[in-house]
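To find a chain, count down the sequence lines: A is the first, B the second, and so on, and within it residues start at 1.
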Amino acid sequence: MLSMGPSLWQVLRLLPEEERRVLLAEFGLPPDPSSFSSAFEQLTDLERIDHQLDLLSTDSRHFLSDLLLSAGYLSWEKAAKRPTPRRVLAELDRTGFIYHIEDRYLTRQIALPREFADILWTRLLARESQELAATTTTSRREEAVYDASPFFQDLFQLLSYARVEPLPLTRQGSIFKRVETKMVQKFWSADGESGLQRLRHLEWFARHQALLTYTTDTRGLVVDEDQAGIFFSKRPAERHQAWFDYGFESISYSHLPQLLAATAACLAPEQWLDLEKLRAWLSARGVLARETHVNLDAHLARLREVELWEGDRRRGRLTDAAYFAANGRYVDPVPGQALVQPTGEVMVPPESPWEERWAWDAVAELVRCDRMTVYRISKAGLERALDLDWQHQKVLTLMGNLSKSPIPPNVRSNLEDWLRQLTRHRILEATLVHSQSAADSSQVERALGSKVLFRLSSTDLVIAPGSGPTVIRSLNKAGIDMRNRIERPGYPAASSSEAWAVYSEPSGLTMENGRQPMAAHLIGLTPELPDYQSIQGIVSTAIRHGRPISVRHAPPGLGSVVEQKLIPYRMENGWIQGKLVSTPQLVTIYFQRILAVSEVPSR
Amino acid sequence: MTLSRLPLVVQSDLTLLLEVDNPLFEEARDALVGFAELVKSPEHIHTYRLSNLSIWNAVASGLTAGTILQRLAQYSQYAVPPEVETFIADQGRRYGRLVLQVAPDGDGLWLTGNDSTLLTLIASHKTVAPYLGPMLAPGFRIAPEMRGLLKQALTKIGWPVADQAGFRAGVHLPIALRATTRCGRPFSLRDYQAQAVRAFWGDGQSLHGHGIVVLPCGAGKTVVGLGAMERTQAHTLILTTSLAALHQWRDEILDKTHLNQDDIAEYSAQKKEIGPITLTTYQLLSHRTRGQFSHFSALDAHDWGLIIYDEVHLLPAPVFRLTASLQARRRLGLTATLIREDGRADEVFALIGPKRFDMAWKQLEAEGWIASAACHEIRVSLERAHRERYAAADDPERIRIASENPAKLSIVETLVAEHAEDHVLVIGQYLGQLEQLSQRLQAPLITGKTPPKERERLYKAFREGEIRVLVVSKVANFAIDLPDANVAIQVSGTFGSRQEEAQRLGRILRPKAEGKRATFYTLVSGETREQDFSQKRQLFLCEQGYRYDVAHADANGQPLEQSMPRVIPFPRVASEDHV
């Protein structure tokens, strides 16, 4: 559980050749890298550790416990101030428990590798920890931790959800409220604020473990199938360590949360820590003096948020799952325990390994995550299996392997029928290079090489989605000219008036800034000679009285004349501005494009 | 570490999952009976549910919240969730805080309790207040006709009342069961039937004497009714679903009790007699003349000691309201499937009474009390022209096209020929289809239009073996006793009705001579809405542990081997291909 100090592997690798040779020789190992794992095993062997501890003097034991309370590091300066430092360090040097570490700034420290932390804490500080127990006790609900503890159950639910549809993100990067509420309702006995808090921790934990990743448009979070697969196939202890590590990541990089958890882990299951006694002890051991920037309550609050801690202001302890995980008491995962009922329900007990649950999640609909997790085999539930391109035989074999009993025949038949139905037709969105003839298409295929995914027909080639611009460039380079656009047949072609609506009526007063296509061509207009004086008269009268006018004009780039009714409100030398009568839109029309203006008769 | 397995899993949503393949299964099942309702009992894991009603009933029968929790903990593989503990403790405390008694001065009833705050609370509740009479400290006087409605309202707001006002004894009628039936067969209640009667009757006091007994079709619910009548020893009103069912009850009473023809009256469209044992139908009871339930009034005027509701899941809505005013009488509901497609099962509980007894179908099958049955679903392809019609039709028409798939006809012929030695019922929904089948199979047809006398003649002929194949519409779904029928072929049905499917299977579940197995076929058009409905229809039976074998047939009615095509692969694109 404790992840303080450097890793022993790291230390062994960093040792100079000469010292490494000496260390390996002590264990009777040849001086080559293959001996590392043997040396590691021997160094961390529990019997050896106990034996070494028995040989230590009280001062050395005290030194080690102080090292633990200092999060595995102690400066040489502080070590030198301790009683009989030379003797203690010489004694400890022989145990292989401590090492001299220099970091990149040449800070010199004595370090205790993390692999020794848990065991040394239990051997050296357990008795002191137990003296901090409160007088009241409460028995635990379980006797060991199931891999499917509440934190991981809810994490699983979050990932299961994100596997089906992305978790949509707001502009601030948080999950949409409605999805949060939906998720919280599914959670294991958490609701309201506590549920939301849990969701946020789960989301961060999942991101921390790279289980969630952004969608391509970064507007949502989806599951990284590979990472999730790896995560769920880890051993329970590794997975729980990830939880501890996340929980211990505290404000100001303090190690106090780890010390609190380690102290609480030494109690008997039913005991609580008396927080007053704990405070006094930490103070006496100098821990609080080092941790002046954050108080104990803030750390406990954080641990409580991540569901490692329970209790009140007077007493506290590790939650059931955290306590048993910290003491390595896991219920062994038992594979192949799920039961498929003729109703199509799948019952997955908590001792089923997570990787199996994750597999069930790909082929069935999650109904309820609880002590017994319930899935339903349904048409909708098969969607993910199809997304993964699993063939029906794979689905059936997988289900068979994960189940304690054979799949009931009706469920099997349904599965086969559904798979047959669902895979008969699929909607594929593809980008095609369509050519006029088979010969042209062959030429394109040769030019594109590996950029062609496959040939769809004699005149159609499928290319990767989004690769259109590259393909156009490649073909142009290869001397095959083509239009520089990707067409989308099936979309209704915009009629000329619609196109006009889009391009010819600039909104607001942005026309003068040059960003609109003002410099378009005039095509084929019948020459008319408008009477600008009369136009100006009509417009100014209309502005004065707030009356509408009808304007015939040739908008830029359109090549035809349109007539619009508007209420003008401003006229300058070169243009008039007004509000369209039909839509609440402002337009600017240049005099040079106006053909005629007339008053609109009042009704 | 590995833990030895206990059979029970208590879920935080108040469901209890009981593993069948566990040495402690039976012991745990017996422990749950008193406070949890059996919801479903498929092959591997049975599901029970805790509800406020089940906890109140348990407390009413003498269990405490502590005992319930202790039983759960004893058999639970994982720790009982804290929210379940809280729920049981909370609901356990609620029952008995309010008591309904006969008023001390004998004028009506008295709702009382020791908790004055609670009395104030319920008095201010707008759903309860209308049923409360004037103050009668501590509590309120209650008009007898408000008894049912008040209890229903209090139940809805979570404060169940312990009804100690008792039931009317009814006019005394000596009723004794025969040791040998009139037909000469030895007769006694089977163990489970006796248990059901005990569960209904309890100690004869007001805590019991009302409620529902759920037993599979063919398990002898009528006999449970007779057992209840024997306990009551009073005039009894029996409500049935049809005239044919009414006559079956009459025959059973005459066969298995010492009552004679004069003791039994028929209140039907044909006859309007009221006697010590009166049989009537729901249809008649809910019949209105000028807005009044005239027949109900006539029947209500009699001093019944017991009212039996046969096939209580079919209780029509008007009868719900009438039942609310019958709270002073003992009430027994009988059903095989307490599923109401209108979702009003809770109201049945509130007005008739709680479920008193339930038994898994497969348990009765294992003990030989109902026939074992093999269920088959045959998915029949639609012929091309019909498939095209189906594709172009709107939803209701689609169901009809799928249900009336002509390919089903030849399959029925084949099945009937294969079961040449059996008694076959062909059951369907659509008259046209049934008429065609009747002609092709040369078998008589019973529908709603068939006169009652003709129906009974045909049922009798079928029972006596004169007719081997009978084509029936949904009129034969319920309460028709055809003991020798051992094959049922369902050609069409009412959408996704679970209870219809179960009732139809129930027609062939009477134990057969020489332990012969019953066979149930359901024919559905493959890859149509009918197949989807079929999934839903089968759910109840699957929950009872029945398994369906699925076979396929082509549009000519010939067996079809389905091959699995490869999943059309979606072109996977390596990331470097993206631009």
Side-chain angles (χ1 to χ4, degrees), chain A residues 140-144 146 188-189 320 329-332 334 339-345 347 349-351 368 370-372 374 386-387 389-393 404-405 408-410 412-414 416-417 419-421 423-426 428 430 450-451 453-454 462-471, chain B residues 1-3 5 9-13 15 17 19-21 40 42-45 47 76-83 375-377 379 526-527 531-532 535 538-552 562-579:
Chain A
R140 298 270 179 187
R141 306 185 74 83
E142 307 280 2
E143 290 169 14
Y146 286 93
W188 180 292
S189 68
D320 290 6
R329 283 163 67 176
Y330 296 99
V331 176
D332 297 331
V334 188
L339 284 167
V340 183
Q341 308 238 74
T343 51
E345 282 175 315
M347 306 291 194
E351 55 268 35
R368 185 170 178 81
D370 206 315
R371 276 70 185 163
M372 186 79 91
V374 183
L386 295 174
D387 288 344
D389 278 346
W390 288 3
Q391 298 296 313
H392 84 285
Q393 199 50 50
K404 205 156 102 174
S405 56
N410 62 324
R412 199 182 175 88
S413 299
N414 285 338
E416 287 176 350
D417 275 9
L419 283 166
R420 193 180 301 119
Q421 289 164 23
T423 58
R424 191 174 294 159
H425 313 283
R426 297 181 86 172
L428 307 178
S450 64
K451 289 193 177 73
L453 291 184
F454 59 91
V462 178
I463 57 169
S467 66
T470 324
V471 164
Chain B
M1 62 187 291
T2 310
L3 302 181
R5 279 204 81 79
V9 178
V10 182
Q11 302 271 77
S12 59
D13 65 351
T15 53
L17 305 173
E19 201 178 334
V20 178
D21 301 323
K40 51 190 169 185
E43 203 171 342
H44 303 300
I45 291 183
T47 302
S76 182
Q77 167 72 7
Y78 316 110
V80 177
E83 51 272 50
C375 301
H376 304 276
E377 179 185 328
R379 293 179 186 165
E527 297 182 20
Q531 187 181 324
D532 298 336
Q535 301 291 308
Q538 292 166 11
L539 192 62
F540 176 79
L541 289 175
C542 286
E543 286 174 356
Q544 296 302 325
Y546 287 91
R547 279 182 169 210
Y548 280 77
D549 285 323
V550 181
H552 295 81
Q562 291 280 23
S563 63
M564 288 301 303
R566 245 181 70 81
V567 172
I568 303 171
F570 191 89
R572 295 276 157 204
V573 182
S575 55
E576 60 268 24
D577 288 331
H578 285 284
V579 179

Legend entry - Nearest heavy atoms of A/Arg371 and B/Ser12, plus distance in Å: NH1-CB, 3.7 Å
Inset, instruction - Could you pull out the closest heavy-atom pair between B/Arg547 and A/Pro409, with the gap in Å? - result: NH1-CD, 3.1 Å
Legend entry - Toward chain B, the part of A/Glu345 with a non-hydrogen atom under 4.5 Å: side chain
Legend entry - Residue pair A/Pro349 / B/Tyr78: nearest heavy atoms and the distance that separates them: CB-OH, 3.7 Å
Legend entry - Region of A/Met372 in contact with chain B, defined by heavy-atom distances below 4.5 Å: both
Inset, instruction - Can you tell which part of A/Arg368 gets under 4.5 Å to a heavy atom of chain B, answering side chain, backbone, both or neither? - result: side chain
Legend entry - Stepwise side-chain contact (heavy atoms from CB on, under 4.5 Å) test for B/Gln531 and A/Asp417: CA-CA 10 Å; B/Gln531 187 181 324; A/Asp417 275 9; 3.6 Å; yes
Inset, instruction - Please tell me if the side chains of B/Glu377 and A/Asn410 come closer than 4.5 Å, counting only heavy atoms from C-beta onward. - result: no
Legend entry - From CG (A/Asn414) to CZ (B/Arg379), nearest 0.5 Å: 4.5 Å
Legend entry - Segment of B/Asp21 engaging chain A (4.5 angstrom heavy-atom cut-off): neither
Legend entry - Partner chain A: residue of B/Glu543, B/Gln538, B/Gln535 with the largest heavy-atom pair count (under 4.5 Å): B/Gln535
Legend entry - chain B contact via A/Val340 - which portion, at a heavy-atom distance below 4.5 Å: backbone
Inset, instruction - Mind running side-chain contact (heavy atoms from CB on, under 4.5 Å) on A/Gln341 and B/Cys542 for me, showing each step along the way? - result: CA-CA 8 Å; A/Gln341 308 238 74; B/Cys542 286; over 6 Å; no
Inset, instruction - Please look at B/Ile45 and chain A and tell me whether the side chain, the backbone, both or neither of the residue comes under 4.5 angstrom of a heavy atom of that chain. - result: both
Inset, instruction - Flag the one option from A/Thr343, A/Asp370, A/Leu339, A/Ile463 with the top tally of heavy-atom pairs under 4.5 Å to chain B. - result: A/Asp370
Legend entry - Contact class of A/Asp320 relative to chain B, heavy atoms under 4.5 angstrom: neither
Inset, instruction - Side-chain contact test, heavy atoms from C-beta onward, threshold under 4.5 Å: evaluate it for A/Met347 versus B/Val9 and give yes or no. - result: no
Legend entry - Side-chain touch B/His552/A/Glu416, heavy atoms, less than 4.5 angstrom: no
